[in-house]
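Reading through the structure tokens given below for one structure.
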Protein chains: 2
Amino acid sequence: MEEAFRAGMAKMTKPEKAWIRDREGKEQAILKAAMTVLAERGFSKFGVNAVAKGAGCDKQLIYRYFGGLEGLADKIGEELADWIGREVSPDTRTDSYAETVADLLGKFSEALLANDLVRQIVIWELAESTPITVRLSAARSRALSDWISRTLKTAPSPSPRVDAPAINAILIAGVQHLVLAERSSGSFAGLDLDEAGRRRVRAAIRALCRSAYGEGEI
Amino acid sequence: MEEAFRAGMAKMTKPEKAWIRDREGKEQAILKAAMTVLAERGFSKFGVNAVAKGAGCDKQLIYRYFGGLEGLADKIGEELADWIGREVSPDTRTDSYAETVADLLGKFSEALLANDLVRQIVIWELAESTPITVRLSAARSRALSDWISRTLKTAPSPSPRVDAPAINAILIAGVQHLVLAERSSGSFAGLDLDEAGRRRVRAAIRALCRSAYGEGEI
DNA sequence: AAAAAATATCACCAGTAGGTGATATTTCGC
DNA sequence: GCGAAATATCACCTACTGGTGATATTTTTT
């Protein structure tokens with residue numbers, strides 16, 4: 001029926017392509033759809049069917065162009081390589097280690113709060129350990145540690161009497177977890193994470209940095 | 001065929017019950033299987049089929065006895081009500097707020113590290129917001145805050161100049177996140193979370209508490 | 001003993017997942 | 001123009017999900 005119709009109309013209309021040939025465009029569409037699905041619906045909905053549907057093409061193309069979900073996740077990882085560098089302005093003070101770390105934690109918090117994709121990847125890493133999450137985790141933590149060392153490089157060194165890497169790990173983990181909790185439940189440990197709560201957390205972070213890294217006297 | 005066989009044997013063997021009638025036992029088996037599935041395979045595998053298979057009974061019983069997965073999750077929440085009170089010995093010092101909080105964070109870390117079920121529930125809460133996670137979250141956070149206030153009740157009050165709730169939220173979030181990261185990737189922010197790393201984190205937590213809550217001079 | 005209620009299981013449904021072979025369409029090289 | 005290669009889609013497979021109606025079995029009540 002369809003063919004007969006098209007054959008009949010052939011003389012009055014253009015050949016009417018059944019689909020357009022645009023590999024690069026499709027690849028882009030697939031990659032974008034993959035990031036959108038992961039960012040907006042979470043890792044449990046991240047699959048070939050959902051991505052193909054989002055990209056408006058056949059799922060076979062995901063296998064052909066990216067080698068399946070794993071290859072697609074690798075590409076997302078590359079895309080992630082410098083996410084934080086893009087989103088964060090590099091205007092940190094350099095006069096004191098405590099203030100620099102506090103600034104850094106604040107910027108990190110804002111960047112993570114604004115980036116659905118990175119948050120979902122963090123959650124995915126916590127929830128599962130698969131080839132995909134291992135790769136994504138590597139890409140993300142590399143981007144993060146690069147950014148941190150880049151930011152702290154110009155700051156004065158902390159006192160060797162304190163274990164700065166351990167303290168920073170605790171503070172970064174705390175900030176990261178509070179951002180995740182804010183997005184999911186909106187509160188943590190009885191503390192409402194609304195605008196006022198976030199302000200208190202910011203102040204507490206700075207107080208912790210100052211007291212831990214000395215220099216309490218500005 | 002089966003019926004003919006059993007009818008034929010009826011005169012030589014016991015009636016041979018097709019199944020045993022043991023409602024309470026089945027309920028227990030289902031609840032236990034549900035907790036096992038969630039603890040060992042995570043929320044993404046937590047479903048009626050997996051739980052029924054684990055309990056060795058038909059999934060229909062989950063609907064009949066618990067009203068589906070939601071009711072089952074409620075029962076898990078009840079079971080969770082005092083998890084931390086069971087797993088943690090209450091021998092905390094009470095001579096200083098800083099030391100008490102540091103002790104509390106250490107105990108909380110140990111308890112969370114040892115309890116697969118609670119960790120998976122925390123991750124579930126971060127990943128999804130469904131009627132089930134909302135209820136589980138409520139049960140868990142109630143248990144946690146009860147335990148915290150019970151532990152801190154006998155401690156001296158912190159200086160009113162510091163925002164103790166905000167500081168504690170950051171530290172608890174940090175400890176919680178580090179435990180999750182230890183179980184998934186084994187490291188965080190470049191810090192290896194092996195025995196040595198955990199020791200450094202414990203020490204850093206105590207240092208943070210002491211510096212933030214004064215009393216740095218023991 | 002017969003009827004009623006409780007208990008447990010089975011068989012099936014529609015929906016969706018990941019994955020693949022066959023096929024249609026388009027473009028490029030000759 | 002013609003065949004080969006690239007491109008895109010379709011149709012189908014198996015496996016698993018949550019959910020439900022029908023049925024078989026056991027116990028209790030009458």
Side-chain angles (χ1 to χ4, degrees), chain A residues 1-7 9-10 13-31 33-34 37-38 41-73 124 128 130-132, chain B residues 1-7 9-10 13-31 33-34 37-38 41-73 128 130-133:
Chain A
M1 182 165 70
E2 180 69 20
E3 287 170 326
F5 168 78
R6 213 181 298 157
M9 301 299 270
T13 72
K14 288 267 177 71
E16 233 184 288
K17 302 189 179 187
W19 37 260
I20 49 173
R21 186 191 190 86
D22 179 20
R23 169 155 183 170
E24 202 165 334
K26 302 253 176 191
E27 282 187 12
Q28 285 281 106
I30 289 172
L31 184 54
V37 168
L38 185 51
R41 307 213 282 145
F43 72 92
S44 62
K45 308 293 180 188
F46 181 70
V48 282
N49 290 294
V51 170
K53 191 170 183 179
C57 67
D58 197 88
K59 58 182 167 184
Q60 181 90 24
L61 299 189
I62 296 173
Y63 297 100
R64 211 194 310 283
Y65 296 157
F66 296 92
L69 275 189
E70 292 197 24
L72 198 43
W124 195 2
E128 289 182 346
T130 66
I132 295 184
Chain B
M1 180 167 68
E2 180 69 22
E3 288 170 323
F5 169 77
R6 214 182 296 156
M9 301 300 271
T13 72
K14 289 268 177 69
E16 232 187 290
K17 302 189 178 186
W19 37 261
I20 50 173
R21 185 193 192 86
D22 178 20
R23 168 154 183 170
E24 202 164 334
K26 302 253 174 191
E27 283 186 11
Q28 285 282 106
I30 289 172
L31 183 54
V37 168
L38 185 51
R41 306 214 281 143
F43 73 93
S44 63
K45 307 294 181 187
F46 181 71
V48 283
N49 290 297
V51 170
K53 190 171 184 179
C57 69
D58 196 272
K59 58 183 168 183
Q60 181 90 22
L61 300 189
I62 296 173
Y63 296 100
R64 212 194 308 284
Y65 297 155
F66 296 91
L69 275 189
E70 290 197 24
L72 197 45
E128 290 182 346
T130 66
I132 295 185
T133 59

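Side-chain atoms are counted along with the backbone in the values below, which use heavy atoms only and exclude waters and symmetry mates. Quick note on labels: first sequence line is chain A, next is B, and so on, each numbered from 1.
- Atoms CZ (R23(B)) and C1' (dT25(D)) sit 17 Å apart, rounded to a whole Å.
- Shown here are the salt bridge (Lys or Arg N to Asp or Glu O under 4.0 Å) partners of R41(B), two or more places apart in sequence or in another chain: there are none.
- In this structure, K26(A) does not reach the dA6(D) phosphate: none of its side-chain N or O atoms is under 4.0 Å from OP1 or OP2.
- Every pair tested for salt bridge (Lys or Arg N to Asp or Glu O under 4.0 Å) that includes a residue from residues 44-53 of chain B fails, sequence neighbours excluded, so the list is empty.
- Residues forming a side-chain contact (heavy atoms from CB on, under 4.5 Å) with T130(A) (at least two apart in sequence, or on another chain): E128(A), I132(A), T133(A).
- Remark: A29(A) pairs with A55(A) by the side-chain contact (heavy atoms from CB on, under 4.5 Å) rule, at least two apart or across chains.
- With sequence neighbours left out, Q28(B) forms a side-chain contact (heavy atoms from CB on, under 4.5 Å) with no residue at all.
- Evaluation of atom-type donor-acceptor distances gives a pair under 3.5 Å for the side chain of R64(A) against the base of dA8(D).
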Contact list (N/O, under 3.5 angstrom) for nucleotides 11-18 of chain D vs protein:
| unit_1 | atom_1 | unit_2 | atom_2 | d |
| --- | --- | --- | --- | --- |
| dG18(D) | OP2 | V48(B) | N | 3.3 |
| dG18(D) | OP2 | N49(B) | N | 3.2 |
| dG18(D) | OP2 | N49(B) | ND2 | 2.8 |
| dG18(D) | N7 | N49(B) | ND2 | 3.4 |
| dG18(D) | N7 | K59(B) | NZ | 3.3 |

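- Spacing between atom CG of L61(B) and atom P of dG21(D) amounts to 16 Å, rounded to whole angstrom units.
- Taking atom NZ on K53(A) and atom C1' on dC10(D), their separation rounds to 17 Å, with Å as the unit.
- Spacing between atom CD1 of I62(A) and atom P of dA8(D) amounts to 13 Å, rounded to whole angstrom units.
- Taking CG of L72(B) as the reference point, atom CD of E27(B) lies at 10.5 Å (rounded to 0.5 Å).
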